[in-house]
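Heads up, the thing below is written out as structure tokens.
For the numbers below, each heavy atom of this structure counts, side chains included, while hydrogens, waters and symmetry mates do not. Computed from a prediction, not measured in an experiment: that's the story for all the values here.
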Amino acid sequence: MTEITENAAVKAEKPSHFIQNILRTDLEEGNVASVVTRFPPEPNGYLHIGHAKSICLNFGMAKQFGGACNLRFDDTNPEKESDEYVEAIKRDVTWLGFAWDGEIRFTSDYFDQLHSWAIELIKAGKAYVCDLNADQAREYRGTLTQPGKNSPNRDRSVDENLALFEQMRAGELEEGSCSLRAKIDMAAPNINLRDPIIYRIKKVDHHQTGDKWCIYPSYDFAHGQSDAIEGVTHSICTLEFEDHRPLYEWFIANISVPAKPKQYEFARLNLNYTVTSKRKLRQLVEEGHVEGWDDPRMPTISGMRRRGYTPESLRNFCERIGVTRSDSMVDVGMLEYCVRDDLDKNAPRAMCVLRPLKVTLTNYPEGKIERLVAAGHPNRDDLAERELPFGKTVFIDVEDFREEANKKYKRLVLGKRVRLRNAYVIEADEAIKNDAGEIIEVKARVIENTIGVDPEDGVKPKGVIHWVSADEHIECDIRLYDRLFNEEVPGAADGDFLQAINPDSLQILRGAKVEVSLRDAQPASVYQFEREGYFCLDEQHSKEGAPVFNRTISLRDSWAKMSQ
RNA sequence: UGGGGCGUAGCCAAGCGGUAAGGCAGCGGGUUUUGAUCCCGUCAUGCGAAGGUUCGAAUCCUUCCGCCCCAGCCA
């Protein structure tokens, strides 16, 4: 009874997407015994939010349908790849909350098999060594509207092809001088079928296989066959590979592979005000526009992790945006919502004054320190309470005091009352200024007996502001982040995405004051600094006794909206 | 102008011939010792456009329009 109701509710809340429909149908009709997917990154850069969508999809489908998902490094181009990236990718996938089936796989694990399948194609008269160089090959390929011309070497004998391919393998031929091509159709309207290159000479060491090979298979030749070797049933990739599907199927049909995997495509993630292209992200790193791949402003998994985004929030985001075949541009506001949603529920609360203004409580006894207690979270009693030392001098934020203000301003105003969160109601009497006319201190009074209750005289405080004890607190730096780009589609305007970089994406505040309960804060835990936002310790910049906090994201701020 | 895809609200996205789900954003209101959270309400006579079929069309047919991808020995 309950189950039926719950299932019905779940169904109404979250309809299935087309990949789920395909998997369910294939399982029901017995087309596959179980589902096997794979996440196939090339280790040539760090994973970003777009990869998170693919990871959640591939691992998520395996999990939902009781199947398996492999992690396979698609390492067919040693020139661009490195072990640093494979380590980072493993770390990121794990952090996101997924576990791959069995051992890590590498396409390079299959180089021997792939090589013998290439020979199989040659023997079947379906592949040949072509002597055209890259420029010539381009000319022979034709254009989008004109068919290509056959290579002069297209009808070489099997024996000659075998001998030549062996020479390629043995390193006897120069890089670029020739290649192994599949013999399909130079007049095919789909350019991918115009005798695609399946093996090329690259005399470079490989991060996994060392100097064993000087020829490497192309993506097209390696991917589907690797899927077949691993028993992948559903090879899920992005839309730009759609035109490659006929080629994927051609190889599977013409080679003695152990299984017949199928390729399905979905739309990659586009996020506004964000760049999700490994090439561009690498450029930001290499040209020093950011601190590194894990800079908190980067949309990389490692950057978001350092920023304080949680695995749960990212998974939820990927769940919410859906999986379709239509190009879309998701609003970053959706991501921000997911981050706030998770953090609001789970982040312990604390107080931190970002821009300190000294407040002296003239009627409070000199030297007296009260140990007040505050909840760890307003809606959860399972999070530990914390102790707040309260004394004669406190810091509040400069933004929270005005000499005069209209009724909409719900903070401290001269002659008016405000509540110090988790503490007393106070009333401001005087603003002390320096020679430049800047307010450097506020003299105020504590209204007695106002811990947990309103003032006895019936004059209620206008609002609630946060504060930190001047006697006991921790000095820290705060790093505030804003979007890295000012344009919705960076570079769409003049073609150069670097021109769209937001010069104010990082703002550092020195000398902020955070409450003492954060003495042992760890980088992995995110706190809500009440009324300000969510923050976490930055492991790169923090030093012993000199913590630095990253603002993960601000709180929603309707005041900022109405006051502008 | 070849081939392959995609068009449902500002942004995602259900819907698959029976009279437009849900979420984000926005707007209005309530609760609140965070201007947060939470709660309530509101937000497409309309589904890229025009014709057609049908008692009935976002769903079927025709034509048109727009956008994306493909001419690496990258993936």
Side-chain angles (χ1 to χ4, degrees), chain A residues 12-17 40-42 44 74-77 79-81 130 132-134 137-139 141-148 175-181 188-194 196-202 215-216 218-220 222-223 237-246 265 267 272 278-279 320-338 340-341 344-345 349 351 374 377-379 408-411 419-423 425 450-454 461 463-466 528-533 554-563:
Chain A
E13 280 167 25
K14 192 64 196 174
S16 59
H17 53 67
E42 181 187 13
N44 68 342
D74 208 347
D75 55 350
T76 56
N77 186 358
E79 284 171 332
K80 298 182 175 179
E81 301 155 4
C130 174
L132 259 26
N133 62 32
R138 188 179 314 118
E139 283 174 35
R141 190 154 35 232
T143 68
L144 294 178
T145 53
Q146 292 167 262
E175 225 176 285
S177 66
C178 60
S179 63
L180 183 70
R181 297 225 251 165
N190 179 342
I191 292 178
N192 294 121
L193 263 18
R194 318 240 264 230
I197 274 89
I198 62 182
Y199 257 98
R200 65 296 209 214
I201 301 169
K202 277 183 191 291
I215 56 171
Y216 294 95
S218 64
Y219 161 85
D220 286 307
H223 207 93
C237 62
T238 44
L239 249 24
E240 65 270 26
F241 291 100
E242 204 166 358
D243 291 343
H244 293 243
R245 193 185 339 129
E265 313 85 18
N272 58 10
K278 275 195 217 170
R279 198 205 100 229
R320 282 169 181 267
I321 57 176
V323 179
T324 69
R325 288 175 61 85
S326 43
D327 290 303
S328 60
M329 175 72 75
V330 176
D331 193 321
V332 279
M334 186 83 89
L335 211 209
E336 295 174 344
Y337 167 82
C338 292
R340 290 192 179 105
D341 186 47
D344 173 62
K345 292 184 179 80
R349 308 289 128 121
M351 291 195 284
H377 190 287
N379 311 315
K408 286 191 171 179
Y409 186 79
K410 304 198 296 183
R411 309 180 188 185
R419 171 171 298 278
L420 294 180
R421 169 129 249 237
N422 298 308
V425 171
T450 50
I451 298 283
V453 292
D454 282 334
V464 182
I465 63 174
H466 56 100
Q528 183 194 103
F529 289 173
E530 291 187 290
R531 299 211 316 132
E532 292 290 357
S554 65
L555 250 31
R556 265 189 76 224
D557 189 356
S558 57
W559 163 249
K561 225 172 283 171
M562 70 193 271
S563 60

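Remark on RNA chain B: of its neighbouring residues A/Ile191 and A/Tyr219, the 5'-side contact belongs to A/Ile191, judged by nearest-heavy-atom nucleotide. In this structure, A/Gln146 and A/Gly333 both approach RNA chain B, and ranking their closest nucleotides by distance from the 5' end singles out A/Gln146.
Remark: A/Arg325 engages A/Phe18, A/Leu239, A/Glu242, A/Glu265 in a side-chain contact (heavy atoms from CB on, under 4.5 Å) (not counting sequence neighbours). Residues satisfying the side-chain contact (heavy atoms from CB on, under 4.5 Å) criterion with A/Leu555, sequence neighbours excluded, are A/Gln528, A/Tyr534. Checked against salt bridge (Lys or Arg N to Asp or Glu O under 4.0 Å), A/Glu530 has the following partners two or more places apart in sequence or in another chain: A/Arg386, A/Arg421. A search for side-chain hydrogen bond (donor to acceptor under 3.5 Å, both in side chains) contacts involving A/Ser328 returns nothing, not counting sequence neighbours. When the ring pair (Phe, Tyr, Trp, His ring centres under 6.0 Å) test is applied to A/His223, the partners found at least two apart in sequence or on another chain are A/Tyr219. Under the side-chain contact (heavy atoms from CB on, under 4.5 Å) criterion, A/Arg411 pairs with A/Glu399, A/Asp400, A/Tyr409, A/Ile465, A/Arg531, A/Trp559, not counting sequence neighbours. In this view, A/His377 satisfies the ring pair (Phe, Tyr, Trp, His ring centres under 6.0 Å) rule with no residue, not counting sequence neighbours.
Distance from the side chain of A/Arg141 is smallest for B/A71 among the nucleotides B/A71, B/A75, B/C11. With B/G2, B/C74, B/C12 as the choices, the nucleotide that has an atom nearest any side-chain atom of A/Leu144 turns out to be B/G2. Counting only heavy atoms from C-beta on, A/Lys80 has its side chain closest to B/C74 among B/C74, B/C12, B/C69. Out of B/G2, B/G4, B/G26, the shortest distance to the side chain of A/Thr145 is found at B/G2.
At the heavy-atom level, A/Phe241 lies under 4.0 Å from base atoms of the strands shown. No engagement by A/Leu335 is indicated, since no non-hydrogen atom pair under 4.0 Å with the nucleic acid exists. At the heavy-atom level, A/His244 lies under 4.0 Å from base atoms of the strands shown.
With rounding to whole Å, A/Arg138 atom CZ is found 5 Å from B/G72 atom P. When rounded to the nearest whole Å, the span between CZ of A/Arg181 and P of B/A71 equals 15 Å. Look at CG on A/Asn44: it is 14 Å from C1' on B/G72, rounded to the nearest Å. A/Lys202 has its NZ atom 7 Å from the P atom of B/A75, to the nearest Å. A/Glu79 places its CD atom 9 Å from the C1' atom of B/C73, with the value rounded to the nearest Å. Atom CE in A/Met329 sits roughly 16 Å away from atom P in B/A9 (whole-Å rounding). For the pair A/Ile197 CD1 and B/A75 P, the interatomic distance rounds to 11 Å; values are reported in whole Å. Between A/Glu265 atom CD and B/C6 atom P there is a gap of 10 Å when expressed in whole angstrom units.
Nucleotides B/G23 and B/C40, compared at atom P, are 10 Å apart to the nearest Å. Between the P atoms of B/U8 and B/C60, the separation comes to 16 Å (whole Å). Between the P atoms of B/G10 and B/G48, the separation comes to 13 Å (whole Å). Separation of the C1' atoms belonging to B/G66 and B/A71 is 24 Å when rounded to the nearest angstrom. With P as the reference atom, B/G7 and B/G15 are 12 Å apart, rounded to whole Å. Here the separation of B/G72 from B/A57, taken at their P atoms, is 48 Å to the nearest Å. A distance of about 13 Å separates the P atoms of B/A14 and B/C6, rounded to the whole Å. The C1' atoms of B/G22 and B/G29 are separated by 23 Å, rounded to the nearest whole Å.
Applying the 90° criterion around 0 to the glycosidic angle, B/G66 comes out anti.
Taking 4.0 Å as the cut-off between side-chain N and carboxylate O, A/Asp341 and A/Lys345 count as a salt-bridged pair. Salt bridge annotation for A/Arg245-A/Asp220: absent, with no cationic side-chain nitrogen under 4.0 angstrom from a carboxylate oxygen.
For B/C27, the paired base is B/G41 (Watson-Crick or G-U wobble, both distances below 3.5 Å). When both pairing distances are held under 3.5 Å, B/G2 makes a Watson-Crick or G-U pair with B/C70. Checking B/A36 for Watson-Crick or G-U wobble geometry (two distances, each under 3.5 Å) identifies no partner in any strand. Using the Watson-Crick or G-U wobble rule with both distances under 3.5 Å, B/C47 pairs with nothing in any strand shown. Nucleotide B/A9 forms a pair with no other nucleotide shown, judged by Watson-Crick or G-U wobble geometry with both contacts under 3.5 Å.
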Detail all sub-3.5 Å separations between protein N/O atoms and N/O atoms belonging to nucleotides 13-16 of chain B.
{"residue": "B/A13", "atom": "OP1", "partner": "A/Thr324", "partner atom": "OG1", "Å": "2.8"}

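When the side-chain nitrogen and oxygen atoms of A/Arg200 are compared with OP1 and OP2 of B/C74, one or more of them lie within a distance under 4.0 Å. Taking 4.0 angstrom as the limit, A/Ser218 places none of its side-chain polar atoms (N or O) nearer than this to OP1 or OP2 of B/G72.
The side-chain heavy atoms of A/Glu336 and A/Asp331, taken from C-beta on, include no pair separated by under 4.5 Å.
No donor-acceptor distance shorter than 3.5 angstrom exists from the side chain of A/Arg138 to the backbone of A/Asn133, with no hydrogens or angles considered. Listed for the A/Arg194 side chain is a donor-acceptor partner under 3.5 Å among the backbone atoms of A/Arg141.
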* Structure fact -> Under a 4.0 Å heavy-atom criterion, the protein footprint on nucleotides 31-42 of chain B, written with B, S and -, is --BBBSS-----
